[in-house]
Undergrad: 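This is the structure, below, for whatever I ask next.
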There are 2 protein chains.
Amino acid sequence: MLVAPERSARVAEIVDEARELLEREGPEGLTMRRLAEAVGIRAPSLYKHVQSKEHLEALLMAEAFRGMGAELHEAITGARKGRSATTALAEVGRAYRRWALAHPHLYRLTTGGPLPRERLPEGLEAWTAEPVVVAVGGDPDRARSAWAFAHGMTILELDDRFPPDADLDAAWTAGIGALGEPGGRARPSRPARG
Amino acid sequence: MLVAPERSARVAEIVDEARELLEREGPEGLTMRRLAEAVGIRAPSLYKHVQSKEHLEALLMAEAFRGMGAELHEAITGARKGRSATTALAEVGRAYRRWALAHPHLYRLTTGGPLPRERLPEGLEAWTAEPVVVAVGGDPDRARSAWAFAHGMTILELDDRFPPDADLDAAWTAGIGALGEPGGRARPSRPARG
DNA sequence: GTCTATATTGTGATAGAC
DNA sequence: GTCTATCACAATATAGAC
């Protein structure tokens with residue numbers, strides 16, 4: 001009488017171990033052999049639960065989208081309680097950076113390279129990005145600018161591309177301040193406040 | 001009586017073939033075997049000229065910095081002839097994007113991951129970035145914002161992360177317009193023009 | 001400076017017994 | 001669903017002859 005769950009508890013366990021392994025040892029540490037060892041079985045047995053490593057990675061990406069998305073939604077929900085739109089973008093940016101720095105390898109896996117969209121739950125990617133769109137007021141071009149800025153800042157920080165003395169908080173503030181400001185030179189359609 | 005050149009013609013030839021191989025077939029195509037084949041020798045012979053693959057990659061990165069830097073410097077030199085500072089940033093952004101799209105794999109190699117700075121000519125990285133600093137008026141925080149934005153837009157475009165219907169020109173314009181605008185909310189120290 | 005031969009290490013994945 | 005055994009493949013790099 002029970003409907004079979006789409007993903008068995010075993011698969012959930014495998015994905016869970018894979019995530020921990022990835023975060024602990026980086027992408028080179030995530031091999032099917034080591035994953036099997038972490039789960040407590042032999043490598044070939046993994047393939048009874050997961051079609052391929054690429055499918056496993058897609059499951060990890062979905063996890064990442066859900067985790068990061070939850071924090072971004074939380075950030076904008078908190079920010080909208082009586083604060084301005086500019087502050088909302090700052091809050092979302094902070095949450096974005098915080099999540100990425102807390103899960104660097106998962107972030108890299110999910111954002112570094114093309115997305116296997118056909119293997120991800122429909123709508124998940126859009127749901128994760130939604131807070132950014134809301135925070136900039138709905139303009140898709142501005143949303144893409146902001147998302148590119150956030151990703152650029154984040155990945156450059158993760159890759160240690162900034163000089164050691166760089167003030168990254170200041171760079172974030174400068175970028176968010178500029179991008180969150182409606183009525184910038186590029187989009188004079190809406191009158192600036194004041 | 002001749003002073004030995006630091007890098008032999010053979011090394012130059014190897015780096016040249018490596019660059020073409022990388023651009024033609026991507027990072028997985030750049031193996032020591034295939035590179036040797038392209039040069040016309042056997043793989044082990046490469047190691048008489050190049051210490052390791054990582055050293056070879058550092059040479060490729062230096063090439064990339066020089067190539068991209070030349071275009072960025074050209075862009076800002078052209079732009080400063082009688083145009084405004086905002087236009088200068090737009091010109092540099094255009095040159096940045098153009099160079100990256102023309103050399104996607106070289107761009108990825110050079111910007112994706114930590115830099116082996118100890119293997120790069122001193123000052124080369126800073127020279128390449130200089131036009132961005134100049135274009136934003138010298139503020140290092142704004143320069144880092146702009147550089148992060150440009151890198152984010154570029155790598156997301158290369159990785160096909162934007163929806164097919166996204167207007168990337170518009171996103172670039174929105175971002176450059178906002179970041180190139182002095183006196184944004186984040187940095188009110190300079191009075192806005194007008 | 002080039003060669004042949006090889007070391008060493010790793011990967012993802014499959015067949016088929018139980 | 002797990003196992004043993006193994007395939008098929010690729011990589012960087014070194015030794016030592018010429």
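Lettering follows sequence order; numbering is per chain, from 1. Bear in mind that the values here come from a model prediction, so they are computed numbers and not experimental data.
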Undergrad: By side chain to side chain donor-acceptor pair (under 3.5 Å), which residues pair with A:Arg66, not counting sequence neighbours?
TA: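 Side chain to side chain donor-acceptor pair (under 3.5 Å) check on A:Arg66 returns nothing, list empty.
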Undergrad: Kindly determine whether B:Glu157 and B:Arg97 satisfy side chain to side chain contact (heavy atoms under 4.5 Å, CB included), including the steps that lead there.
TA: CA-CA 10 Å; B:Glu157 180 176 9; B:Arg97 184 184 180 196; 3.0 Å; yes
Undergrad: Near DNA chain D, counting only heavy atoms under 4.0 Å, which residues of residues 29-47 of chain A show up?
TA: A:Ile41, A:Arg42, A:Pro44, A:Ser45
Undergrad: What are the residues of residues 48-57 of chain B, sorted by number, that bring a heavy atom to within less than 4.0 Å of DNA chain D?
TA: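 Residues of residues 48-57 of chain B that come under 4.0 Å of DNA chain D are, in numerical order, B:Ser52, B:Lys53.
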Undergrad: Mind running a 4.0 Å heavy-atom check of residues 13-22 of chain B against DNA chain C and sending the residues that fall below it, in number order?
TA: none
Undergrad: Between the side chains of A:Arg94 and A:Glu91, is the shortest nitrogen-to-carboxylate-oxygen separation below 4.0 Å, so that they form an ion pair?
TA: yes
Undergrad: What do the steps show when you test B:Leu59 against B:Val11 for side chain to side chain contact (heavy atoms under 4.5 Å, CB included), and what is the final call?
TA: CA-CA 10 Å; B:Leu59 293 176; B:Val11 170; 4.2 Å; yes
Undergrad: Does the side chain of A:Leu30 reach to within under 4.5 Å of the side chain of A:Leu109, using non-hydrogen atoms?
TA: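 Not in contact.
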Undergrad: Given side chains that start at C-beta, do those of B:Leu120 and B:Leu115 come closer than 4.5 Å, heavy atoms only?
TA: yes
Undergrad: Can you pull the side-chain hydrogen bond (donor to acceptor under 3.5 Å, both in side chains) pairs that have at least one residue in residues 105-118 of chain B, sequence neighbours excluded?
TA: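 Residue pairs with at least one partner in residues 105-118 of chain B: B:Tyr96-B:Tyr107, B:Tyr107-B:His151, B:Arg108-B:Asp159, B:Arg117-B:Glu125.
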Undergrad: Which residues satisfy the salt bridge (Lys or Arg N to Asp or Glu O under 4.0 Å) test with A:Arg98, sequence neighbours excluded?
TA: A:Glu71
Undergrad: Could you tell me whether A:Glu13 and A:Arg10 have a side-chain N and a carboxylate O separated by less than 4.0 Å?
TA: yes
Undergrad: Are the side chains of A:Leu56 and A:Leu46 in contact, using a 4.5 Å heavy-atom criterion?
TA: no
